Amino acid sequence: MGQNDIKNGALYAGFSYLLWGILPIYWKLIHHVNSDEILANRILWSFIFMIFILVVSRKWAPFLQTLKGLKANKKQAAALVLASILISCNWFVYIWAVNADRMIEASLGYYINPLVSVLLGMLVFKERLGIMQYISFILALAGVLILSISYGQVPWASLLLAFSFGFYGLAKKLITVEPAIGLTLETLVVAPFALIYLVILYSNQSLALFHLSAGTDLLLLGAGIATAIPLLLFAKGAQKIPLSMLGFLQYIAPTITLILGVFVYGEAFSSVHLLAFLFIWSALTVYSLSKTKLYVHWQEKRKERKKIAL
């Protein structure tokens, strides 16, 4: 992997996380539309936009071939359905959290997510954790408990976002397809339900799409593009850069969301929030350091010294 590839990959991945970070601004512009209708539009227009992308990029034939292959592979088909449900739940909770003035809670969810992914790797794939990873889990748990005690309830929106995306990543491990085809398949599974829901809203005369303003219509129609572009940029960037670099870059999005919530939309950020986030940030710092080449090299040297001593 050359330096040019790494540089380009970092730019693609970094820009995708930047777009994800500012995406709450997009949802805030249509806060007057119910979250469930926003989700239905996001799914439907993402599917239509991805069909357009596949046709333009000449990936329609591979898409059909993959679709046929899923009929014979029940395990991958089940993983695809599960991934579609999980990402739809994740999208809904995120849209709801943003428009319910819970952007700080949403950002917390994506700070916790990497640690949830590691936990799932340990439980499902029996991956072994080092002392640094265990320390990071304890710190993160302390941060969540501090918020839970201060709220008087568990920050369920944060945990739903973290775990739904964590399990989504787990399901994606079982679906070995090209990213653009994968996203098209995921939206294909839930697009009929989204369309049916929009038809029901129309029949009940409660559909916002094409019934409020041209600006609202454009934003709802554009939800597909706003969803697909960051995912495609991320997929392109992730192929070119080391996993450790990707790990650091992923904190761009929740950091931007947190800043927007506090400084742009005026959400309350108390000393309790600060204390909880300090624990979470410490957990992420410890975890990230455990993935650096320097720490891995130190661990290898430590093992060698132990062998010599024995």
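Note that this is a predicted model, so its numbers are computed, not measured.
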Name all residues meeting the side chain to side chain donor-acceptor pair (under 3.5 Å) criterion together with S270; count only those two or more places apart in sequence or in a different chain, and write none if there are none. H273
Nearest 0.5 Å please: distance from the CD1 atom of I104 over to the CG atom of L260. 11.0 Å
Could you go through V262 and E267, starting from their C-alpha distance and side-chain angles, then the distance that decides it, and tell me whether this counts as side-chain contact (heavy atoms from CB on, under 4.5 Å)? CA-CA 5 Å; V262 176; E267 291 188 20; 5.6 Å; no
Report yes if the side chains of L185 and F63 come closer than 4.5 Å at any heavy-atom pair, otherwise no. yes
Counting the benzene-type ring for Trp, do F277 and F269 have ring centres under 6.0 Å apart? yes
Atom pairs and distances, side-chain donor-acceptor, residues 221-231, under 3.5 Å, sequence neighbours left out:
{"unit_1": "T227", "atom_1": "OG1", "unit_2": "R42", "atom_2": "NE", "d": "2.6"}
{"unit_1": "T227", "atom_1": "OG1", "unit_2": "A223", "atom_2": "O", "d": "2.8"}

When the aromatic ring centroids of Y110 and Y94 are compared, is their separation below 6.0 Å? yes
Let's go through I38 and N99 carefully: what are the C-alpha distance in whole Å and the side-chain angles of both, what is the deciding distance for side-chain contact (heavy atoms from CB on, under 4.5 Å) to 0.1 Å, and is it a yes or a no? CA-CA 11 Å; I38 295 174; N99 288 339; 3.8 Å; yes
Rounded to the nearest 0.5 Å, what separates atom CG in L123 from atom CG in L170? 10.0 Å
Between L139 and I280, is there a side-chain heavy-atom distance shorter than 4.5 Å? no
More than 12 heavy atoms from other groups under 6.0 Å of NE2 on H31: no
Rounded to the nearest 0.5 Å, how far does CD1 of I51 lie from OG1 of T187? 7.5 Å
State, with a plain yes or no, whether a side-chain heavy atom of L183 is found less than 4.5 Å away from one of M50. yes
Can you measure from CG (L11) to OG (S16) and round to the nearest 0.5 angstrom? 11.0 Å
Does the side chain of T216 pick up a donor-acceptor pair with the side chain of S213 at under 3.5 Å? yes
With a 6.0 Å cut-off (strictly less than), is the heavy-atom count around CZ of F210, excluding the residue itself, greater than 12? yes
Pairing residues for T66 by the side chain to side chain donor-acceptor pair (under 3.5 Å) criterion, not counting sequence neighbours: none
Close aromatic pair by centroid cut-off 6.0 Å: W20 and W91: no
Less than 4.5 Å apart, side chain to side chain, heavy atoms only: is that true for L19 and F234? no
Say you draw a straight line from CD1 of I30 to CG of D217; how long is it, rounded to the nearest 0.5 Å? 10.5 Å
Those residues at least two apart in sequence (or on a different chain) that pass side chain to side chain donor-acceptor pair (under 3.5 Å) with D36 are Y197
To the nearest 0.5 Å, tell me how far L209 CG sits from L219 CG. 11.0 Å
Can you confirm whether F165 sits close enough to I87 that some side-chain heavy atom of one is under 4.5 Å from a side-chain heavy atom of the other? yes
Would you say Y111 and T255 are linked by a side-chain donor-acceptor pair, where the criterion is simply a distance under 3.5 Å? yes
Which pairs of donor and acceptor atoms, one on a side chain in residues 53-62, lie under 3.5 Å apart (sequence neighbours left out)?
{"unit_1": "S57", "atom_1": "OG", "unit_2": "I53", "atom_2": "O", "d": "2.6"}
{"unit_1": "K59", "atom_1": "NZ", "unit_2": "E178", "atom_2": "OE2", "d": "2.8"}

Within a strict 4.5 Å, meaning less than it, do heavy atoms of the L212 and H32 side chains meet? yes
Looking at side-chain heavy atoms only, is the closest gap between E186 and F47 below 4.5 Å? no
Heavy atoms of other groups near F193 CZ, more than 12 under 6.0 Å: no
May I ask you to test the I85-V81 pair for a side-chain heavy-atom distance under 4.5 Å? yes
Within a radius of less than 6.0 Å around CZ of F15, do more than 12 heavy atoms belonging to other residues, nucleotides or ligands occur? no
I need the minimum non-hydrogen distance between V116 and G166, along with the two atoms involved. CG1-CA, 4.4 Å
Under the side chain to side chain donor-acceptor pair (under 3.5 Å) test, which residues partner D101, sequence neighbours left out? K28
